[in-house]
2 protein chains.
Amino acid sequence: MAGSGFNTSILFKYPHGNHVLQAGACICFIQLTFVWMFEVIFSHIQEKVQLTKEEQALIKTFFTPKKLRKKQYLLQEGDVCRYLVFVEKGLLRSYNVDEKGVEHMIHFAWEGWWMSDTYSFLSAEASAYNIDAVEDAELLMINLQGFEEMLLKVPAMERYFRILFQNNIISKERRLISSITHSAEEKYTQLAAANPQMIQRIPQNMIASYLGLTPETLSRIRKKLSAGA
Amino acid sequence: MAGSGFNTSILFKYPHGNHVLQAGACICFIQLTFVWMFEVIFSHIQEKVQLTKEEQALIKTFFTPKKLRKKQYLLQEGDVCRYLVFVEKGLLRSYNVDEKGVEHMIHFAWEGWWMSDTYSFLSAEASAYNIDAVEDAELLMINLQGFEEMLLKVPAMERYFRILFQNNIISKERRLISSITHSAEEKYTQLAAANPQMIQRIPQNMIASYLGLTPETLSRIRKKLSAGA
DNA sequence: TAAAATACTTGATACAGATCAAGTGTTTTT
DNA sequence: AAAAACACTTGATCTGTATCAAGTATTTTA
C-alpha cells in the first residue's frame with residue numbers, strides 16, 4: 001500500500017473535521033482516514049441509538065481528531081478539562097496525585113470508551129486529575145460548547161449520553177461497593193473475573209492503584225492465587 | 001382546619017394520578033393534595049430543564065404516589081426493582097447485606113432526591129440490594145415502561161435525566177476516590193464538611209457503613225475530633 | 001412506665017494490608 | 001550495547017482499623 005510507513009500525524013492537526021466532509025466526491029486518503037476513524041465511534045453509538053446519515057454528518061463536525069504519544073498528557077491537574085474524548089485506539093488513564101506524591105487511578109479508557117474529568121468538563125472548573133496516555137492513542141475530541149450544541153441538535157445523542165451515563169453509574173456503584181465491602185483479594189479476583197482484558201493490558205501497579213492497594217500487596221495476592229491454582 | 005387529624009393514606013392508594021387531573025374544574029381535597037405533591041418534584045426538575053404546562057400534566061400521569069412507614073421495605077434483595085422513586089418527604093436508604101449479615105449502605109435519599117437500584121430497574125434483573133424507609137416517607141413512583149415512555153414523549157425529561165445522571169457520576173466518583181485515597185478520619189471530616197445535613201439526620205451506624213467503617217471506629221473518630229475542638 | 005430492643009461508647013486484642021528495604025527483571029533511553 | 005529508569009517481587013516490621021466484649025444511653029414496643 002502506498003501509504004504504509006507514512007507518518008499520518010499531520011492529518012490530525014486540523015482543528016475541525018468538517019472541511020474534510022465538504023470535500024464531497026473527492027475520495028482522497030485524508031477522507032478515507034477520517035471515515036475510518038468515525039466508524040468506530042458510530043458503531044458504538046449505534047449499539048444504543050439510531051442515527052440518520054444526516055445526523056452522522058452533523059455529529060462529525062463537532063469532533064476534532066488528536067493523537068497522543070505514550071506518557072503525553074491530555075489534562076494536567078489545575079487545568080480545566082476542555083474536552084470529552086472518545087478513544088479510537090490506544091489506552092488512556094485518569095488519576096490524581098495525593099500529598100505524598102502517590103498516584104490514584106480513577107479510570108482507564110481504551111478503544112470504544114470515553115474519557116474526561118466529567119466535573120471539570122461540565123463546570124469549567126480546574127481539574128484535580130491528570131489524564132495521560134498509557135499507550136499511544138488516537139482520539140476524537142469534543143469541547144463543551146460542541147457537546148451541548150450536539151445534544152440539542154441531535155436528540156438521539158442526548159439519549160445516547162443518558163444511557164451511557166446510566167451504565168456508568170451502575171459500574172461506579174459496583175466498584176464503590178466492592179471497595180467498601182471486600183478484601184483486597186476479593187477485589188482483585190472480582191476485577192479479574194469481570195474484566196480480564198484490563199488485567200492483561202494494564203500494568204500491575206496501575207491495577208493495584210485502581211483497586212486502592214499498594215503494588216506490593218497486589219504482587220503478594222497474585223503469588224498466593226497462582227500457588228493455589 | 002377541617003382535615004387535620006384525618007388519615008390521608010387512602011389518598012395514595014390510586015394506581016395512577018391521571019384520573020384526578022381529569023376531574024377538571026372540581027377543586028377537591030384530593031386534587032389539592034396531588035397538586036401539592038408534584039410541586040416538589042417539578043421545582044426540582046425545573047432547576048435543570050423547562051417544562052410546559054402540557055408536559056407537566058403528561059408527566060404527572062406516569063407517577064403513582066405511595067407512603068412508606070419507617071422500616072418498611074420498598075425493595076428486598078432478590079426482587080426486581082420495579083420503580084424509580086422520587087422522595088417528596090422522609091428518608092430512604094439502599095443497602096446490601098454481606099455473607100456475615102453486615103449491612104453496607106449504598107445511598108440515602110430524602111426530599112428532592114431519587115432512589116432506585118438503577119441496574120435492577122433498567123435490566124429487570126433481581127436486585128442485590130434492599131431499600132427501606134429510615135423515616136416515614138412519601139414517594140412518587142414510576143415504573144420502567146412509564147419511564148421509557150416519558151423520556152420519549154418529553155425530550156426535556158430525557159435531558160433532565162442525562163443531567164441528573166451526570167451529576168450522580170461526579171458525586172459517585174468523589175466518594176470512590178475518597179474511599180480509596182483517604183483515612184477513616186479524613187473520609188468522615190470530608191463528608192461532614194460536604195454534607196452536614198447527612199450527619200445530623202442519619203444514624204451514626206449508617207454513616208459508618210456508608211463510609212465503609214465499623215460503628216466503633218466512627219465513634220472513636222468522633223470522640224477524638226470533639227476532644228481536639 | 002417497664003421491658004426490650006437498638007444505638008452508641010470504651011477497652012483489649014488481632015490482623016490485613018501498608019511501609020520500608022533490598023533485591024531481580026524488564027523496558028526505555030542514549 | 002550500556003546505562004538508566006522503571007516494574008515487579010520478596011522479606012521484615014509497623015499500624016490503622018476490625019473484631020470481640022461489655023458496658024451505658026436512648027428509642028421503641030407492649
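Only a predicted model underlies this, so the values are computations on that prediction, with no experimental measurement involved.
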Check: More 5' along DNA chain C: A/G212 or B/P215, using each one's nearest nucleotide?
Finding: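 Final value for this comparison: B/P215.
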Next item on the list: Give the rounded distance in Å between these two atoms: CD1 of B/I202 and C1' of C/dC8.
Entry: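 So the two atoms are 17 Å apart, to the nearest Å.
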Checklist line | Polar side chain donor-acceptor pair, B/Y210 to B/R93, under 3.5 angstrom | finding: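 There is no such pair (donor and acceptor under 3.5 Å, judged by atom type) between the side chains of B/Y210 and B/R93.
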Checklist line | Candidate list B/D132, B/L75, B/V85, B/V134, test side-chain contact (heavy atoms from CB on, under 4.5 Å), partner B/L92, passing option | finding: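 Checked B/D132, B/L75, B/V85, B/V134 against B/L92; only one passes side-chain contact (heavy atoms from CB on, under 4.5 Å): B/V85.
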Next item on the list: Return yes if a side-chain donor-acceptor contact under 3.5 Å exists between B/D117 and B/S127, otherwise no.
Entry: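 The criterion, which ignores hydrogens and geometry beyond distance, is satisfied for B/S127 and B/D117.
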Checklist line | d(CE, B/M206; P, C/dC8) in whole Å | finding: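 One finds 9 Å between P of C/dC8 and CE of B/M206, rounded.
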Margin query: What is the distance, to the nearest angstrom, from the CZ atom on A/R220 to the P atom on C/dA18?
Written below: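 In whole Å, C/dA18 P lies 9 Å from A/R220 CZ.
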Notebook entry, point to check: Of the nucleotides D/dT9, C/dC8, D/dA7, which one has an atom closest to the side chain of A/N205?
Noted result: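 For the A/N205 side chain, the nearest candidate turns out to be D/dA7.
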Note to self: Taking 4.0 Å as the cut-off, does a side-chain nitrogen or oxygen of B/K71 come that near to OP1 or OP2 on D/dT28?
What the structure shows: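 Checking D/dT28 against B/K71, no side-chain N or O comes under 4.0 Å of OP1 or OP2.
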Check: OP1 or OP2 of C/dA18 less than 4.0 angstrom from a side-chain nitrogen or oxygen of A/T214, does that happen here?
Finding: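 Checking C/dA18 against A/T214, a side-chain N or O does come within under 4.0 Å of OP1 or OP2.
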Next item on the list: Whole angstrom is fine here: how far is it from CD in A/Q204 over to C1' in D/dA7?
Entry: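 To the nearest whole Å, that distance equals 9 Å.
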Notebook entry, point to check: Name the one of A/Y129, A/W114, A/F147 that satisfies ring pair (Phe, Tyr, Trp, His ring centres under 6.0 Å) with A/F121?
Noted result: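 Result for ring pair (Phe, Tyr, Trp, His ring centres under 6.0 Å) with A/F121: A/F147.
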Checklist line | Atom pair distance, as rounded to whole Å: NZ in A/K224 and P in D/dT9 | finding: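 Those two atoms, NZ and P, are 16 Å apart.
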Next item on the list: Consider the side chain of B/E216, meaning its heavy atoms from C-beta on, and name the nucleotide among C/dT10, C/dA18, D/dT10 that approaches it most closely.
Entry: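 Minimum distance to the B/E216 side chain belongs to C/dT10.
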Note to self: Taking only side-chain N and O atoms of A/K223, does any of them lie within less than 4.0 angstrom of OP1 or OP2 on D/dT9?
What the structure shows: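 Answer is no, no contact under 4.0 Å.
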Margin query: Rounding to an integer number of Å, can you tell me how far A/R222 CZ sits from D/dC8 P?
Written below: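 After rounding, the reported distance stands at 8 Å.
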Check: Are B/K70 and D/dT28 close enough that a side-chain N or O sits under 4.0 Å from OP1 or OP2?
Finding: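 Checking B/K70 against D/dT28: at least one side-chain N or O falls below 4.0 Å of OP1 or OP2.
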Item checked: Between C1' of D/dA7 and CZ of A/R93, the distance in whole Å ->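 Roughly 13 Å, once rounded to whole Å.
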Note to self: Pairing donors with acceptors under 3.5 angstrom, does anything connect the side chains of B/Q190 and B/R174?
What the structure shows: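 B/R174 and B/Q190 do not have a side-chain donor-acceptor pair below 3.5 Å.
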Note to self: Within the 4.0 Å heavy-atom criterion, would you say B/L213 contacts the bases, only the backbone, or no part of the nucleic acid?
What the structure shows: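 Here B/L213 touches the backbone only, sparing every base.
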Margin query: Between C1' on C/dG17 and NZ on A/K187, what's the gap in Å once rounded to a whole number?
Written below: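 My rounded result for the distance is 10 Å.
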Note to self: Quick check on D/dT17: is either OP1 or OP2 less than 4.0 Å from any side-chain nitrogen or oxygen of B/T217?
What the structure shows: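 It does not, given that no N or O in the side chain of B/T217 lies less than 4.0 Å from OP1 or OP2 of D/dT17.
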